[in-house]
Each structure stands twice: as C-alpha cells, then as structure tokens.
2 protein chains.
Amino acid sequence: MSKHRQQILTSLKQAGYKLTKPRRAVIDILTKKQHPLTAADIHRYLPSIDLASIYRALDVLTKLNIAQVEQVNNSSYYYLDSTLHHHIICEQCGYKQCLPCKHTFNINNFVNIKHQLTLTGICQSCAIKLNQQQ
Amino acid sequence: MSKHRQQILTSLKQAGYKLTKPRRAVIDILTKKQHPLTAADIHRYLPSIDLASIYRALDVLTKLNIAQVEQVNNSSYYYLDSTLHHHIICEQCGYKQCLPCKHTFNINNFVNIKHQLTLTGICQSCAIKLNQQQ
DNA sequence: TATTAACTGCAAATCATTTGCAATTATAAC
DNA sequence: GTTATAATTGCAAATGATTTGCAGTTAATA
C-alpha cells in the first residue's frame, strides 16, 4: 500500500520543497507502476523531463523516506512503499515480483535497525529460454 | 570462515581456469583482508595489476560462487565466504558487525535465487552519544 | 621446448550518476 | 494579479564504476 499522492505532496511541501512538474511526474509514475524502477526506466516514461531532474527528484524522495532504493546489478531501483515489502528481480529480463516482508531483526548491540533484502534469480520464462539454448 | 587459499585455487583449476598472477593476487588479498572490498580497494593494494584484470578475476570468482558481492552506494563489494553471512553497518560511525545467514528462499516462479541482506542501524556506543547530546 | 588457447595490460568505450551554470518557475508578499 | 526571489530546472560536461577490443604474453599440456 503506497502513500497517497496527496499525502506525499504534502510531505514534500512541509519539508520545504517546491511542488514542481518533474517531482509531481516522478511521484505519479512511481505511484502508477507497482514495481521498482530505475531513473532510466522513469525517464523512458517521461522523456520530456531531464534525466538529471529525475535523479534529483528521486534523491529528495529517498531523503524524506517517501521512496526506498534497492541496488541490483549496478543500478538503483526506486519505489514508493509505506508498508515494507521486497522484490525479486529476474537477472535476465528484469521481470519483478513483489514479496511480503515478514522480517524483524533483533541484533545485539544495535538499535534502529533497517533492512533491505535484495533477491535476484531467473524467472520461469527465462529459465525455459536458457534451457532451450543449450 | 573463508575457504582455504589452496582449496580455492583447486576449484579454479577444476573449473578450467588458469592460475594466473592476477587471480592469485586477488584471492590472496580477499583472504587476507577480512571484509568486503571494491575492485578499486583491491587495486590500491595491488597497483601493479590492471584494474580490468581485477574486475575479470572477481567475475570469475563470483561465477564460481567462491566470492560474494554486495552492492552499496553504486559500488560492488566483494568478499570470500563459504559460509554465507551478512553485515550490519552503523549509520553513524560505519562500524561493521558480521551476522550468520540462516536464510533460504523459495519463491514461486523463480529459480537460482540469490539474496543480499543489507542491514543498517545505530550501534550501542553511537546510541549513547546521541542520547547524551539531547 | 614448442604449441596454443586462455589471459593480461592498455586504451578506449560504455553506463549510471552527479555537477556547474544560466535560464526558468513556484511561492510568498504585496 | 504582479512582483521579487530563492529554489529548481534543463542542458552539457564531468565523474566514477565497470566493460570491451585487441595485440602481445603466459600457463598448461604434449
């Protein structure tokens, strides 16, 4: 369940940021698509917005904890998510699947623990293709 | 507990790879240092070996599951570890603590699943300092 | 020791991300 | 509404990590 658009815009404003076209557009795409996207992915959906501005918008959203980041294969994937969950990404085709998060961590000597679980694998259809190639 | 040097060299050989100077050197550094290193880190220890060769050696080691990778801040950190484990990093001071990994994941529709768990938090001594400041 | 495919070093290419700067724009005050 | 102003944008160039092509070198095997 991702935060409502309006709620996000309000958080931005409260934090002293202007509600600009690139920021709104990035929020809208992340709200609409239900899976993690790279800055380049977002730029493909929003070709009229400069890639640098997309990066800057994503930076702001991440700093405010409105968006989360996951790093896979030297790329950062961003997504909006108030209730924690994880994703598994196919190494071959980039297909993404959501997974509920049931984890809590209690670790000696640490407080305020946050976790990021990155799962990668090969999805069924890629596995089939790869088998056929051999 | 990391695989013994000799054992690693044998695995390489068995997999049909030559035992070259760059490969040996990378294995030695990863064995010696007890924490995750970037290719650039390794190159700093081994300036006479070309960075590209370090990347190629790390690739081989990762493919053979001799080394593992973790991505943090757009850099890949490599380490040798036969028994999987994770790390928790203090957000304040960077202190790292190792954690055993007891996880296996079975996910519908995916095979060859690898996971990377990144934990961050505040370590005890930083938590104390932060409390005193307030 | 000779042969040969695998491997290296180098330089250049690529890809993701960041930055400097002049022009634009959202906001708040009038 | 207009105006003033600092924040933000788009663009182009810079940076940093990683990859690649290629000619020369080397480990392994006979």
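Naming: A, B, ... by sequence-line order, numbering from 1 per chain. Keep in mind the model is a prediction, meaning the values are calculated, not measured.
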> B:Ile27 CD1 to C:dC7 C1': how many Å, rounded?
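From B:Ile27 CD1 to C:dC7 C1': 14 Å.
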> With nearest nucleotide decided by heavy atoms, which residue, B:Ala40 or B:Lys13, maps closer to the 5′ end of DNA chain D?
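Whichever sits nearer the 5' end wins; that is B:Ala40.
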> Among C:dT19, C:dG9, D:dA17, which nucleotide sits nearest the side chain of A:Arg56?
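Closest of the options to the side chain of A:Arg56: C:dT19.
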> Tell me whether the OP1 or OP2 atom of C:dT8 has a side-chain N or O from B:Thr20 closer than 4.0 Å.
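Looking at the OP1 and OP2 atoms of C:dT8, one of them is under 4.0 Å from a side-chain N or O of B:Thr20.
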> Mind checking A:Leu51 for me? I need base, sugar-phosphate or nothing, with any heavy atom below 4.0 Å counting as a touch.
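Touches a base.
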> Rounded to the nearest Å, what distance is computed from the CZ atom of residue A:Arg24 to the P atom of nucleotide D:dA7?
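My rounded result for the distance is 19 Å.
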> Rounded to whole Å, how long is the line connecting atom CD of B:Gln14 with atom C1' of D:dA28?
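Spelled out: CD on B:Gln14 to C1' on D:dA28 is 16 Å.
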> Using a 4.5 Å cut-off on heavy atoms from C-beta on, say whether the side chain of B:Val69 contacts that of B:Leu58.
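Sidechains of B:Val69 and B:Leu58: no contact.
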> Can a salt bridge be assigned to the pair A:Asp41 and A:Arg44 using a cut-off of 4.0 Å between side-chain N and carboxylate O?
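Yes, A:Asp41 and A:Arg44 are salt-bridged.
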> Let me know the distance between CG of A:Leu46 and C1' of D:dT9, rounded to the nearest Å.
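In whole Å, D:dT9 C1' lies 15 Å from A:Leu46 CG.
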> Ignoring hydrogens and angles, tell me if any N or O in the side chain of B:Gln71 forms a donor-acceptor pair with the backbone of A:Asn74 under 3.5 Å.
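Checking the backbone N and O of A:Asn74 against the side chain of B:Gln71, a donor-acceptor pair under 3.5 Å is found.
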> B:Asn74 has a side chain; which of C:dA11, C:dT17, C:dT8 sits nearest to it?
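Between C:dA11, C:dT17, C:dT8, the one nearest the side chain of B:Asn74 would be C:dT17.
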> State whether A:Ser76 places a side-chain N or O below 4.0 Å from either non-bridging phosphate oxygen (OP1 or OP2) of C:dA16.
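It does not, given that no N or O in the side chain of A:Ser76 lies less than 4.0 Å from OP1 or OP2 of C:dA16.
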> Calculate the interatomic distance between A:Lys18 atom NZ and D:dT9 atom P; express it in whole Å.
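One finds 9 Å between P of D:dT9 and NZ of A:Lys18, rounded.
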> Please give, in whole Å, the distance from D:dA17 P to B:Ile54 CD1?
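It works out to 13 Å between those atoms.
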> Do A:His43 side-chain atoms and A:Ile49 backbone N/O form a donor-acceptor pair below 3.5 Å?
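Checked: pair present.
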> Using whole Å, what does the distance between atom P of nucleotide C:dC21 and atom CG of A:Asp50 come to?
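From A:Asp50 CG to C:dC21 P: 17 Å.
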> If you check the A:Ile49 side chain, which of D:dG10, D:dT20, D:dT8 turns out closest?
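Nearest to the side-chain atoms of A:Ile49, counting from C-beta on, is D:dG10.
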> Which residue in the set A:Leu19, A:Ile66, A:Leu12 passes side chain to side chain contact (heavy atoms under 4.5 Å, CB included) when paired with A:Ile27?
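The single option meeting the side chain to side chain contact (heavy atoms under 4.5 Å, CB included) with A:Ile27 is A:Leu12.
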> What nucleotide, of C:dA16, D:dT9, C:dT27, holds the atom closest to the side chain of A:Pro22?
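The answer is D:dT9, which lies nearest to the side chain.
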> Once you apply a heavy-atom cut-off of 4.0 Å, does A:Arg23 come out as touching a base, just sugar-phosphate, or nothing?
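Touches sugar-phosphate only.
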> Taking the side chain of A:Leu19 as its heavy atoms from C-beta onward, which of D:dT19, C:dT27, D:dC11 lies nearest to it?
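The answer is C:dT27, which lies nearest to the side chain.
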> On DNA chain D, nearest-nucleotide positions of B:Asp59 versus B:Lys21: which is more 5'?
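Result of the comparison: B:Asp59.
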> Does OP1 or OP2 of D:dT8 have a side-chain N or O of A:Ser53 closer than 4.0 Å?
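The answer is no; no side-chain N or O of A:Ser53 sits under 4.0 Å from OP1 or OP2.
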> Nearest heavy atom decides the nucleotide; on that basis, is B:Ala52 or B:Tyr17 closer to the 5' end of DNA chain C?
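Whichever sits nearer the 5' end wins; that is B:Tyr17.
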> Give one of base, sugar-phosphate or nothing for B:Thr38, where a contact means two heavy atoms less than 4.0 Å apart.
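Answer is nothing: B:Thr38 stays at 4.0 Å or more from every strand.
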> Between atom OH in A:Tyr55 and atom P in D:dG10, what is the gap in whole Å?
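My rounded result for the distance is 15 Å.
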> Should A:Val60 and A:Ile54 be counted in the same cluster of Ile, Leu, Val, Met, Phe, Trp and Tyr side chains packed under 4.5 Å apart?
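They do share one cluster, since a chain of ILVMFWY contacts under 4.5 Å joins A:Val60 to A:Ile54.
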